[in-house]
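We count residues from 1, following the sequence as given.
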Amino acid sequence: MRLLTHNMLSSNIKGVTNGFPLRIEIEKVVEKQVDFNADFLRNMFPKIEWKALVGAALTLGYVELPEEVEPSRLDSEDFLRKFHHALLELHLEEGALVCPETGRRFPVSKGIPNMLLHEDEV
C-alpha cells in the first residue's frame, strides 16, 4: 500500500468522528521504483493532507520530508523527488492500519488494506 493510498483512507466505523489519519503498524515495508512525473505530483499536492503524509513517512522510517511545506516548493526538483519517493515508492507490504478513535485494526496483506467492517460496525 502506497502512502498515497494511506492518505486517502479513513475509518468509516459507525459513530467514529475522528477516523483520520489511520495509524500504521509495520511488519514489512518495501520500496518499489516508480517513474518520476513532476506534473502528477504538482496536481496531487493540493489533495494531500501533508501532516498525515509526513507522519506516515516517519513511521516507515523516511525522514526527508519537511514538517510544513509551501506550494512554492513545487518548483524544486529535489523536493519533488523526495515527495515522489514518500508518496509513491514506499509501500506497506504487511502490517495494519489502526483507527485513531477506536483502535480497530485493519490488516494490510500483500500491500492490500482490508477495510471491510464487521456487521456491528456498519
All heavy atoms of G103 vs all of V98, minimum pair found to be O-CG1, 3.5 Å
Item checked: Residue pair K32 / R2, side-chain heavy-atom distance below 4.5 Å -> no
Output for pair (M115 CE, N12 CG), nearest 0.5 Å, gives 7.0 Å
Smallest heavy-atom separation, N7 atom then F20 atom, equals O-CE1, 3.2 Å
Give a yes or no on whether I26 and Y62 share a hydrophobic cluster (residues Ile, Leu, Val, Met, Phe, Trp, Tyr; joining criterion: side-chain heavy atoms under 4.5 Å apart).
-> yes
- Message: When you compare the side chain of V63 with that of L58, does any pair of heavy atoms fall below 4.5 Å?
- Response: yes
Nearest heavy-atom approach of P66 to R73 is CG-NH1, 3.9 Å
Within the supplied structure, the quantity of interest is the number of heavy atoms (other residues, nucleotides, ligands) at a distance under 6.0 Å from D35 CG; does it exceed 12? no
Does a side-chain heavy-atom distance below 4.5 Å link T59 with L92? no
Here the gap from L97 atom CG to L9 atom CG, rounded to the nearest 0.5 Å, amounts to 6.5 Å
Hey, are the side chains of V69 and F45 touching, using non-hydrogen atoms and a 4.5 Å cut-off? yes
Open item on the list: Is any side-chain heavy atom of L22 closer than 4.5 Å to one of S10?
Closed with: no
dist S11:OG -> L117:CG (nearest 0.5 Å) comes out at 7.0 Å
Aromatic rings F79 and W50: how do their planes relate, parallel, tilted or perpendicular, breaks at 30° and 60°? tilted
Check for a donor-acceptor pair, side chain of E94 on one end and backbone N or O of K28 on the other, with a separation under 3.5 Å.
no
Tightest non-hydrogen contact, residues P46 and N43, listed as CD-O, 3.4 Å
Check your understanding: Are side-chain heavy atoms of K14 and V122 found at a separation under 4.5 Å?
Key -> no
Nearest heavy-atom contact between L90 and E31 is CD2-CG, 3.7 Å
Charged N-O contact under 4.0 Å between E25 and R23:
yes
Between the CZ atom in F83 and the CG atom in L88, the distance rounded to the nearest 0.5 Å is 8.0 Å
Within the structure provided, determine whether V108 and N114 are in side-chain contact (heavy-atom separation under 4.5 Å). no
*asked:* Please tell me whether I24 and M8 are part of a single hydrophobic cluster in this structure, the criterion being side-chain heavy atoms less than 4.5 Å apart.
replied: yes
Do F36 and L41 come close enough that some side-chain heavy atom pair is under 4.5 Å?
yes
Quiz item: Between the main-chain N or O of V34 and the side-chain N or O of E89, is there a donor-acceptor pair closer than 3.5 Å?
Solution: yes
Rounding to 0.5 Å, atoms NZ (K51) and CG (L65) come to a distance of 15.0 Å
NE2 (H84) and NZ (K82) are apart, to the nearest 0.5 Å, by 14.0 Å
Of all heavy-atom pairs linking P100 and P21, the shortest is CG-O, 3.5 Å
- Counting only N and O atoms by type, is there a donor-acceptor contact under 3.5 Å from the side chain of E93 to the main-chain atoms of M1? no
Item to complete: Run the salt-bridge test on E64 and R81 with the 4.0 Å N-O cut-off and return the result as yes or no.
Response: no
